[in-house]
Amino acid sequence: MLKRTVYCGQLRMEHMGQTVIVNGWVNSYRDHGNLVFIDVRDREGLVQLVFDPDIHPEAHKLARTVRCEWVLGARGMVRPRGEGLENPRLPTGKIEIIVQELEVLNQAKTPPFEIDTAAQVNEELRLQYRYIDLRRPSMLNRLAVRHRVTKITRDYFDAHGFWEIETPMLGKSTPEGARDFLVPSRLYKGHFYALPQSPQLFKQILMMANTDRYFQIVRCFRDEDPRADRQAEFTQIDVEMSFVQAEDVMRVNEGLIARIFKEILGVEVALPIRQMTYQQAIADYGIDRPDLRFEMKLKDLSDIAADSQFQVFTSVVKKGGIVKGFCAPGGGDKYSRSDIEKTLTQFVGDFGAKGLAWLKVAPKESGEGLELKSSIAKFFTDAQQQEIIGRFDASAGDLVLMVADSADVVNKALAPLRVRLGKELGLCRPDQFEFVWVVDFPLFEWNPDEKRYDSLHHPFTCPVPEDLPKLQTDPAHIRSQAYDLVVNGSEIGGGSVRIHNPEVQAKVFDLLNISRKQAEDRFGFFLRALEYGAPPHGGIAFGLDRLVMLLTQTDNIRDVIAFPKTQRGQCLLTNAPSDVDQKQLDELNLRVQKHLHQLDPES
RNA sequence: GGGGCCGUAGCUCAAUUGGUUAGAGCAUCGGACUGUCGAUCCGAAGGUUGAGGGUUCGAGCCCCUUCGGCCUCGCCA
């Protein structure tokens, strides 16, 4: 077998005159009857092979039979292509290999789609033939970036005294949080393991075990419906540290992120990364993961709305709702009335808003200054119009968009609308990265359906010390020592200082309506560990998939996972999940209820 | 669980109001060709219009059911 001496994509003028062997796949071939050219592809790139019947007739004869995606070994001499024959679009375009010996290592069927144009091909087919899709340079690059990110992560944490420690994949189910993937136990019939949603409790217990600094690049599982940026099976960079406060965790981990962005993209992240309170983020951006690449802040207009003649606004304010909006620079020129009233209104409707009010800012028809144009402008006095214009510091051609509803609905609708307009109006550059730590999250949020508090982060998050008394009196306004790292409106990581005091932990369980008995059943092992000398500790977890998405500029999580699943959780390559033999079910003491979930229509 | 978009040749798409034998580019196969690089030129083959049912003289197109993909709301401590 002809064995590689150098990667195709690495060949340059400096290799001139050397005899080399390359291994790779046929990217394309051009047969002129006499001269034959074959572009061979390996992991690092393409190189052109030349076959000349006058020089090596046997190699030439074989080369004429070769087809796309065949696997080759080729030995030959690197030579310059000569004047006018260079290909400036290829890094290897100044040279070529004149082949002396060709070996067909394997033939290939005609692929179901062309590699050059695979980016346009139906993703279903690409997932089915994942090994062909992954041959594309852009896909391989994403795998390479992912590899480099994990390599940098390991090196960084190692240099900072962290140990990488594995935690179990077969764990204990807890009803909190996302739906668990369950694994039936053969030895304990009727009992189940759960795949980890995260190694949360294990990493805290590792702190109690005096490992001091832990990290792990770890697979996590949450059985919820996927999205473009979400898979049921995903990877976290999981971190925990002892004897630290929130700032310590943030300093160490923003250092990692800065290193990654520097080494992968050459982007300098200014440290320390700025911080913003949760409250501020909600007020200005309507969301706890603000996209700071552009301004366009939300403003509360409830006061003006309440005084207006516009019934929709006044009645909402009267009922305790709010009116908020933002001003899109140039939006009045870009968006037609029908764009706003159909497309954008439907967009906010998906988030629960009952309507979208709009005002276009225009020069006054009579005299100097600005006025508002809209079907609802008549409900606002000139003074009110000027106040709205002033509040946004608006200019002619701008568009003010407003939603009136409960604060929750208003923010849920406006935040994505703001992001959409920011992108459509070209307010951010593709190479721009705006980082922010969002801090001071509330510890709890009220769950009106269950009539109890839920943890916003998770039940092990430590309250801000001065808010501890509110555990008895005012749980809704307790701040937590939690922090999320947000980039361009995407949460890439989040963590907290943990509770290390068993009494505080018990109190939190009380507020979450977890009884002492339930707490003992689910977390008894953990509560006990807290009683045997738990150090103050805290940590964070980053979503590796989303991080790599940012670094490779894709909005499809499947692009950064070698073998991803579809939106219905299927692996189209292997056809998992599948039914299993009756024997396997018998061993597990399981019976499938076919009348509920008929898997096989034949039966 | 809800909403939206989509499914026609191997791939990407087209096909007038429901009307002749469902077309094109690329890929494939055969032939020609000495410097190409999205090679070029000539020719050929390639279809259960996702599946099933219905309406109709006639269905890729209309109706019903169903399968699958993507996006999204809910969900994701």
Side-chain angles (χ1 to χ4, degrees), chain A residues 27-40 46-55 60 64 67-69 79 81-90 92-93 96 98 109-129 132 174-180 197-198 200-201 220-232 234 346-353 412-413 416 441 443-445 447 449 453-461 480 482 491 494 496 508 512 514 522 541 543 555-558 565-568 570 572 575 601:
Chain A
N27 192 67
S28 62
Y29 58 90
R30 296 172 291 282
D31 181 355
H32 289 240
N34 277 312
L35 275 186
V36 172
F37 302 92
I38 295 178
D39 290 344
V40 183
L46 293 179
V47 73
Q48 173 168 283
L49 308 181
V50 191
F51 298 84
D52 188 328
D54 297 336
I55 302 177
H60 173 264
R64 294 199 69 187
R67 293 296 178 264
C68 281
E69 300 308 316
R79 68 181 192 191
R81 289 198 184 185
E83 199 121 340
L85 302 176
E86 296 177 351
N87 185 347
R89 286 182 315 197
L90 281 183
T92 62
E96 63 192 4
I98 176 75
K109 291 172 73 172
T110 302
F113 51 87
E114 294 161 62
I115 293 196
D116 281 352
T117 55
Q120 275 72 252
V121 171
N122 185 358
E123 196 175 4
E124 198 176 347
L125 192 72
R126 289 166 40 205
L127 289 171
Q128 197 180 336
Y129 294 92
I132 297 175
T174 52
E176 284 74 31
R179 195 175 295 115
D180 282 325
Q197 295 180 24
S198 83
Q200 184 61 37
L201 293 178
C220 302
F221 305 86
R222 294 178 190 173
D223 189 6
E224 300 292 347
D225 289 359
R227 287 285 187 282
D229 62 349
R230 234 164 63 187
Q231 287 261 300
F234 63 100
Q346 193 189 339
F347 182 77
V348 295
D350 288 345
F351 300 94
K412 275 203 168 113
F441 282 82
L443 189 63
F444 301 115
E445 59 186 345
N447 181 335
D449 296 334
Y453 288 100
D454 281 340
S455 290
L456 198 72
H457 192 56
H458 58 53
F460 316 104
T461 303
S480 69
E491 184 212 316
S496 61
V508 168
L512 294 172
I514 299 174
R522 294 175 204 163
D555 50 14
N556 180 350
I557 196 171
R558 295 177 298 278
K565 294 184 172 56
T566 68
Q567 198 157 57
R568 295 199 54 208
Q570 223 188 349
L572 296 180
N575 272 326

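Quick note on labels: first sequence line is chain A, next is B, and so on, each numbered from 1.
- For the pair A/F37/A/Y29, no side-chain contact is recorded, criterion being any heavy-atom separation below 4.5 Å from C-beta on.
- The side chain of A/N122 lies closest to B/rG69 when the candidates are B/rC76, B/rC37, B/rG69.
- Between B/rC26 and B/rC37, the distance separating the two P atoms is 15 Å to the nearest Å.
- The heavy-atom pair separating A/P53 from A/L35 by the smallest distance is CD-N, 4.4 Å.
- In the set B/rG74, B/rU34, B/rG35, B/rG74 carries the atom at the smallest distance from any side-chain atom of A/R227.
- Toward the 5' end of RNA chain B, the nearer of the two residues A/A228 and A/V50, judged by each one's closest nucleotide, is A/V50.
- Using a 4.0 Å heavy-atom distance criterion, A/L456 is classed as a sugar-phosphate-only contact.
- Nucleotide B/rC5 forms a Watson-Crick or G-U wobble pair with B/rG69, both donor-acceptor distances falling under 3.5 Å.
- Between the C1' atoms of B/rC13 and B/rG31, the separation comes to 29 Å (whole Å).
- Using a 4.0 Å heavy-atom cutoff across all strands shown, A/E86 reaches at least one base atom of the nucleic acid.
- Where A/D350 and A/L90 each meet RNA chain B at their nearest nucleotide, the meeting point lying more 5' is that of A/L90.
- A distance of about 22 Å separates the P atoms of B/rC67 and B/rA9, rounded to the whole Å.
- A heavy-atom distance below 4.5 Å is found between the side chains of A/D116 and A/N27.
- Here, B/rG46 and B/rC64 have their C1' atoms 33 Å apart, quoted to the whole Å.
- A/D116 comes within 4.0 angstrom of no nucleic acid atom, judged by non-hydrogen atoms across all strands.
- Between B/rU28 and B/rU12, the two C1' atoms lie 16 Å apart (nearest whole Å).
- For A/L35, whose side chain is taken as the heavy atoms from C-beta onward, the closest listed nucleotide among B/rU34, B/rC11, B/rA39 is B/rU34.
- Taking only side-chain nitrogens and oxygens, A/R230 never comes nearer than 4.0 Å to OP1 or OP2 of B/rC73.
- Remark: P of B/rG7 and CG of A/L125 are 16 Å apart, rounded to the nearest angstrom.
- The nucleotide whose nearest atom lies closest to any side-chain atom of A/D39 is, among B/rC37, B/rG35, B/rC71, B/rC37.
- With salt bridges taken as basic N to acidic carboxylate O contacts below 4.0 Å, one links A/E224 and A/R179.
- Each of B/rC11, B/rC75, B/rG30 was ranked by its minimum atom distance to the side chain of A/R67; first place goes to B/rG30.
- By the 5.5 Å and 30° criteria, A/F113 is not stacked with the base of B/rC11.
- Taking the C1' atom of each, B/rG60 and B/rG47 are spaced 11 Å apart, rounded to whole Å.
- At a threshold of 4.5 Å between non-hydrogen side-chain atoms, the residues A/N556 and A/E123 count as touching.
- Closest to the side chain of A/L85, out of B/rG74, B/rC29, B/rG35, is B/rG35.
- Residue A/Q570 is in sugar-phosphate contact alone, with no base atom involved, counting any heavy-atom pair closer than 4.0 Å across all strands shown.
- Remark: P of B/rG74 and NZ of A/K412 are 6 Å apart, rounded to the nearest angstrom.
- Salt-bridge check for A/R568 with A/D225: failed, with every basic side-chain N at 4.0 Å or more from each acidic carboxylate O.
- Taking atom P in both B/rC63 and B/rC5, one finds a spacing of 13 Å when rounded to whole Å.
- Nucleotide B/rG58 forms no Watson-Crick or G-U wobble pair with any nucleotide shown, as no partner meets the under 3.5 Å limit on both distances.
- Listed nucleotides B/rC37, B/rA27, B/rC71 differ in distance to A/Q567; the shortest reach to its side chain belongs to B/rC71.
- In this structure, B/rC11 and B/rG25 make a Watson-Crick or G-U wobble pair, each of the two defining distances being under 3.5 angstrom.
- Atom CG of A/L572 is separated from atom C1' of B/rG69 by 8 Å (rounded to the nearest Å).
- Side-chain atoms of A/H32 lie closest to B/rU36 of the nucleotides B/rU36, B/rG69, B/rG10.
- When heavy atoms are screened at a 4.0 angstrom cut-off, A/Q346 is found touching no nucleic acid atom at all.
- If you take atom C1' in B/rU20 and the same atom in B/rG1, they sit 48 Å apart, rounded to whole Å.
- Between the side chains of A/Q48 and A/N87, no donor-acceptor pair of N or O atoms lies under 3.5 Å.
- Nearest to the side-chain atoms of A/C68 among the listed nucleotides B/rG74, B/rC71, B/rU28 stands B/rU28.
- Rounded to an integer number of Å, the gap from A/F351 CZ to B/rU72 C1' is 8 Å.
- Counting to the nearest Å, the C1' atom of B/rC70 and the CD atom of A/Q120 are 16 Å from each other.
- Residue A/N87 places no side-chain N or O under 4.0 Å from the OP1 or OP2 atom of B/rC37.
- Taking 3.5 Å as the limit, the base of B/rG35 and the side chain of A/R79 contain a donor-acceptor pair of atoms between them.
- Contact annotation: A/R30 side-chain N/O to B/rU36 OP1/OP2 distance is not under 4.0 Å.
- Looking at A/R568, its side chain has no donor and acceptor atom pair within 3.5 Å of the base of B/rC67.
- Contact of A/Q48 with B/rU36 (side chain to base): a donor-acceptor pair of N or O atoms is detected under 3.5 Å.
- The residue A/P112 sits close only to the backbone: its heavy atoms come under 4.0 Å of sugar-phosphate atoms, none of a base.
- A salt bridge does not link A/K109 to A/E69: none of the charged nitrogens lies less than 4.0 Å from a carboxylate oxygen.
- Rounded to an integer number of Å, the gap from A/Y129 OH to B/rA27 P is 20 Å.
- Rounded to whole Å, the distance from CD1 on A/I98 to C1' on B/rG35 is 11 Å.
- Residue contacts shown for A/S198 include a base, since a base heavy atom lies under 4.0 Å away.
- A/I115 has its side chain within reach of A/I132: a pair of non-hydrogen atoms, C-beta onward, lies under 4.5 Å apart.
- Taking side-chain N and O atoms only, A/T117 has no distance below 4.0 Å to OP1 or OP2 of B/rC11.
- Between the P atom of B/rC6 and the CZ atom of A/R126 lies a distance of 20 Å, rounded to the nearest Å.
- Closest to the A/D225 side chain, of the nucleotides B/rG35, B/rC75, B/rG74, is B/rG74.
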